[in-house]
Protein chains: 2
Amino acid sequence: MTARTRKAQRRTDALSRERIIEAAVELLDAAGEGGLTFRALTERLATGPGAIYWHVANKGELLDAATDDVVAAALAREPAGRPASPQEGVRAVALGLFGAIERHPWLAAQLAGQLSRGPERPVPPRILERFGQQVRELGVPESGWFVAASALMHYVLGAAGQHAANVAYARTLGPDADRAEVLGAVAAAWQGLDPADYPFTRAVADQVRDHDDREQFLAGVDLILAGITA
Amino acid sequence: MTARTRKAQRRTDALSRERIIEAAVELLDAAGEGGLTFRALTERLATGPGAIYWHVANKGELLDAATDDVVAAALAREPAGRPASPQEGVRAVALGLFGAIERHPWLAAQLAGQLSRGPERPVPPRILERFGQQVRELGVPESGWFVAASALMHYVLGAAGQHAANVAYARTLGPDADRAEVLGAVAAAWQGLDPADYPFTRAVADQVRDHDDREQFLAGVDLILAGITA
DNA sequence: ACCTGAACACCGTTCAAGT
DNA sequence: ACCTGAACACCGTTCAAGT
């Protein structure tokens, strides 16, 4: 067994756009956005960069495709039957995205990037559509559709991203840090702020310690639902 | 006048962390996140990279400091007197951030990045605090403080980021594209979606064309305020 | 049509050397 | 204490050449 033997075997099946995107998602999951490089990709796929460029225009397109793939899967994973109510439908979509961002923490920044990079990106309409269909069934007058669906989308993406940050921060504290430790760390960071400048943030630090991220997240969704139907 | 004369003069005043951050913000404003490189920075400041590293740990810290600077300025720019009501206070903070993101479109992705990179980043607590203080004065019971302030923060950052994307997209269409053209372009992009998959998004495309971004933004803030006080 | 891999331009960062 | 600038490792991307 020479040293070279340990390298990835030469691939036998053909390369394809799907296989490349799949490998990109794996790299992103393993090491975050910094983990996705063409060098890592060529090694994992046992090719040269030219082969990848045959299937994908550039790194940006690959990142977009990976984002699109993961979001589409999350939105498709939903319960088979129709939701009991539009409210339940909203919660289901929200939890689907929450879970996707939890499993793929790099998604949060990526989605924010697509959101702030023009209207023709594929992912935002996909998400807006799902929330929007429930908003319509909520009986909201048409003039309020866009604002209601936008509010849901922006809150869900932002709050889920913050949750993912907490989870990632937990890993920093050691591989077996549990929920209490993570929340404790967030609370501790906020308790360390200047009392004169941050009275509110220090006050809520306690709440952050005692509550479950997912519960808080759903409470936020319900708050916006209350605003929509007010 | 030799070719060399056109290069930036050798700096006479001393370098400082503030001057570096200032130059970084200018580069970001001029060319977005890709415009901030140490090479561009050294040329603009007429130094070598080592000089910059004497004042700043690395690029990430510089980006964070630039973000922090701009957000702090936006939150400080507020009206002198106390707001007429907590609701007005929330709108003022929201519009302050909206304006900052409009003037510095790179802020949107940067803020999302800080949000999803752990609780000890300096900027999110700064924003949470401002919304939180108004939430408290709204008479919300303490158990609901965090959710209410988070909902405001996430909506505002997300929606303002999308607005900034629209503005940036407008510049793409030509230097003198006006509001109608921009909104028309967004509407057109959404109208081009598959009618079977995107009935809602296509329906709201018309609203997007006819409404003002700032009005829609404030309507979203009011929606969340309604949910908070429901 | 699909893949190889050397080469290129550019990037963030370091560090021995200067003042 | 503060700054210089050559050098390094690494990155995305290209392209002439192969099959």
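Every chain is numbered from 1 and lettered A, B, ... according to where its sequence line falls, protein lines coming before strand lines. Here the structure is a predicted model, which is why all the values come from computation and not from measurement.
Here Glu22(B) does not pair with Arg44(B) in a salt bridge; the nearest charged N to carboxylate O distance is not below 4.0 Å. Asp197(B) has no carboxylate O lying under 4.0 Å from a charged side-chain N of Arg202(B), or vice versa, which leaves the two without a salt bridge.
For the pair Thr201(A) (side chain) and Tyr198(A) (backbone), a donor-acceptor distance under 3.5 Å is absent.
For CD of Glu33(A), the number of neighbouring non-hydrogen atoms (other residues, nucleotides, ligands) closer than 6.0 Å is 12 at most.
Note on His55(A): every side-chain N or O is 4.0 Å or more away from OP1 and OP2 of dA1(C). Phosphate proximity of dC2(D) to Trp54(B): present, with a side-chain N or O under 4.0 Å from OP1 or OP2.
Paired regions of DNA chain C, where each region holds three or more successive Watson-Crick or G-U pairs whose two hydrogen-bonding distances fall under 3.5 Å, are C:4-8 with D:12-16, C:12-16 with D:4-8.
Rounded to whole Å, atom C1' of dC2(D) lies 14 Å from atom CZ of Arg19(B). Rounded to whole Å, atom P of dA1(D) lies 18 Å from atom CZ of Arg17(B).
Using bins of under 30°, 30° to 60° and over 60° for the plane-to-plane angle, the ring pair Trp190(B)/Phe146(A) lands in the tilted bin.
Straight-line distance between the C1' atoms of dC11(C) and dC8(D): roughly 12 Å, to the nearest whole Å. When the P atom is compared between dA17(C) and dC2(D), the two are found 22 Å apart, to the nearest whole Å.
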For nucleotides 10-15 of chain D, read 5' to 3', which letter fits each nucleotide if B means a protein heavy atom sits under 4.0 Å from the base, S means only the sugar-phosphate is that close, and - means neither? -BBBBB

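Aromatic ring centroids of His163(A) and Phe98(A) lie under 6.0 Å apart. Aromatic ring centres of Phe131(A) and Phe200(B) lie farther apart than the 6.0 Å criterion allows.
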Start with the C-alpha distance between Gln191(B) and Asp206(B), add both sets of side-chain angles, then the distance that settles side-chain hydrogen bond (donor to acceptor under 3.5 Å, both in side chains), and finish with yes or no. CA-CA 9 Å; Gln191(B) 293 284 15; Asp206(B) 288 335; 3.3 Å; yes

